[in-house]
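Please read the structure below before turning to the comments.
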Amino acid sequence: MKVLIFGGNGGIGRSLCQNLMSRYTDIDLHATYHIKKPEDLSDNITWHHVDITTEAAIKNLASQFSVLDLLINTVGVLHTPNHGPEKSLPSCQTDFFLHNMAVNALPTLMMAKHFASSLRVSNQPKFATLSAKVGSIKDNRLGGWYSYRSSKAALNMLIKNISIEWARHMPKACILSIHPGTTDTALSRPFQANVPPQKLFSPDKVADDILSLIERATPECSGRFFAYDGQELPW
Ligand SMILES: NC(=O)c1ccc[n+]([C@@H]2O[C@H](COP(=O)([O-])OP(=O)(O)OC[C@H]3O[C@@H](n4cnc5c(N)ncnc54)[C@H](OP(=O)(O)O)[C@@H]3O)[C@@H](O)[C@H]2O)c1
């Protein structure tokens, strides 16, 4: 089983790598990092340095895979050192909005474009991207977080669109949008104050939930939006 995790050094990404290594003894696990290669994870992971906002970097990595069974994209941004998610219109800025789109939405499109040929060789090709419930237009009752919400809504549309194309040309494929739940990582840390303890999950628990969900998923699930616990979410 050949698996590629984008963002293997992130909070959820690291736990996914560790869980995959213990779940599947015969796994050929590849993972990407952005800034620093993790030295404390298993020696059996093949690491690739990739800035996923660059199509050429994704294309170059894809050219190294002749077959791929599972791709999981865990890369995402909610805040930067200079900008947090917007509470209201006056704090919305072009650069921050475009950065959210460039990190949270566009890479999944480019991954689908460049990894389709290696996924097609697999008997059970699966592709999952971590989205967020706040990207659901129907579920949006609080407003705010303009850039993050919009980028995850765009991501969800991409997942749906890709699933329609792949159903025609790659009917065994399953592409999923997954909400991991509020997870204790660097991404959510500044916003955890009002989260009840029982609703704040550890990355290890979330990784286990996500991998169980992906394991159960069939081509009939393709193009759908699921929470970590298997509940289907509205677009
Ligand atoms: N944590 C939550 O509560 C929560 C809730 C809902 C949805 N999600 C989603 O779950 C996913 C994983 O989140 P997380 O909590 O694990 O976040 P995290 O710990 O902040 O990890 C995010 C990862 O993305 C990488 N990254 C950022 N920009 C990149 C770029 N240009 N190229 C390559 N890698 C880049 C980061 O690498 P560097 O640090 O090296 O830049 C980091 O490894 C995200 O899509 C997030 O939106 C999380």
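Atoms within a ligand are numbered from 1 in the order they appear, just like the ligands themselves. Residue numbers count from 1 along this sequence. Just so you know, these numbers come straight off a predicted model, no measurement behind them.
For atom 12 (C) of ligand 1, the nearest protein heavy atom (residue, atom name, distance) is Thr74 O, 2.9 Å. Protein heavy atom closest to atom 26 (N) of ligand 1, with residue, atom name and distance, is Val75 CG1, 3.4 Å. Of the protein's non-hydrogen atoms, the one nearest atom 32 (N) of ligand 1 is Ile52 N, 3.0 Å. The nearest protein atom to atom 45 (O) of ligand 1, hydrogens excluded, is given as Lys152 NZ, 2.9 Å; this is a heavy-atom distance. With respect to atom 17 (O) of ligand 1, the closest heavy atom belonging to the protein is Leu187 CB, 3.4 Å. The single protein non-hydrogen atom nearest to atom 41 (O) of ligand 1 is His34 ND1, 2.7 Å, given as residue, atom name and distance. Regarding atom 14 (P) of ligand 1, its nearest protein heavy-atom neighbour is Thr185 OG1, 3.7 Å. Closest to atom 8 (N) of ligand 1, if we only count protein heavy atoms, is Pro180 CG, 3.5 Å.
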Dump the intermediate steps for salt bridge (Lys or Arg N to Asp or Glu O under 4.0 Å) on Asp184 and Arg189, then the final yes or no.
CA-CA 6 Å; Asp184 186 12; Arg189 211 147 285 144; 3.4 Å; yes

side-chain contact (heavy atoms from CB on, under 4.5 Å) between Asp28 and Val3, intermediate numbers included
CA-CA 6 Å; Asp28 178 8; Val3 179; over 6 Å; no

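No side-chain donor-acceptor contact under 3.5 Å links Asp204 and Ser202. No side-chain donor from either of Gln192 and Thr182 sits under 3.5 Å from a side-chain acceptor of the other. A side-chain donor from one of Glu215 and Tyr24 sits under 3.5 Å from a side-chain acceptor of the other. Counted by atom type alone, Gln231 and His179 present zero donor-acceptor pairs between their side chains at under 3.5 Å.
In this structure, CG in Leu29 is found 5.5 Å from CG in Leu20, a value given to the nearest 0.5 Å.
Residue pairs meeting the salt bridge (Lys or Arg N to Asp or Glu O under 4.0 Å) criterion with at least one member in residues 37-47, sequence neighbours excluded, are Arg14-Asp40.
Below 4.0 Å from some heavy atom of Thr53 lie the following atoms of ligand 1, by number and element: 31 (N). Near Gly10, the atoms of ligand 1 lying under 4.0 angstrom from a non-hydrogen atom of the residue are 19 (O), 21 (O), 42 (C), 43 (O). Atom numbering of ligand 1 starts at 1 in the shown order; those under 4.0 Å from a heavy atom of Gly181 are 2 (C), 3 (O), 4 (C), 5 (C). Proximity to Gly11 (heavy-atom distance under 4.0 Å) selects the following atoms of ligand 1: 16 (O), 18 (P), 19 (O), 21 (O). Atoms of ligand 1 lying under 4.0 Å from at least one heavy atom of Ala132, given by number and element, are 6 (C), 7 (C). Near Val50, with a cut-off below 4.0 Å to any heavy atom, the atoms of ligand 1 are 32 (N), 33 (C). Using a 4.0 Å cut-off to heavy atoms of Gly76, the atoms of ligand 1 that qualify are 22 (C), 24 (O), 44 (C), 45 (O).
The presence of a protein heavy atom under 4.0 Å from atom 36 (C) of ligand 1 is ruled out. For atom 39 (O) of ligand 1, the nearest protein heavy atom lies 4.0 Å away or farther.
The two residues Gly7 and Thr32 have their closest heavy-atom pair at N-OG1, 3.0 Å.
With sequence neighbours excluded, the residues that form a ring-ring contact (aromatic ring centres under 6.0 Å, His included) with Phe191 are His79, Trp145.
The N/O atoms of Ile12, backbone and side chain alike, include one that comes under 3.5 Å of an N/O atom in ligand 1.
The closest donor-acceptor contact from the side chain of Thr54 to the backbone of Ile52 lies at 3.5 Å or more, if one exists at all.
At least one heavy atom of Asp51 sits less than 4.0 Å from an atom of ligand 1. At least one heavy atom of Ser131 sits less than 4.0 Å from an atom of ligand 1. Proximity of Gly8 to ligand 1 is not established, as no heavy-atom distance is less than 4.0 Å. Using a non-hydrogen distance threshold of 4.0 Å, Tyr148 registers as a contact of ligand 1. Using a 4.0 angstrom heavy-atom cutoff, Lys36 does not count as in contact with ligand 1.
Checked against the 6.0 Å centroid criterion, the rings of Phe115 and Phe127 do not qualify as a close aromatic pair.
Surrounding CD of Gln124 are at most 12 heavy atoms belonging to other residues, nucleotides or ligands under 6.0 Å away.
Under the ring-ring contact (aromatic ring centres under 6.0 Å, His included) test applied with His30, the options Phe6, Phe65, Trp47 reduce to a single match, Phe65.
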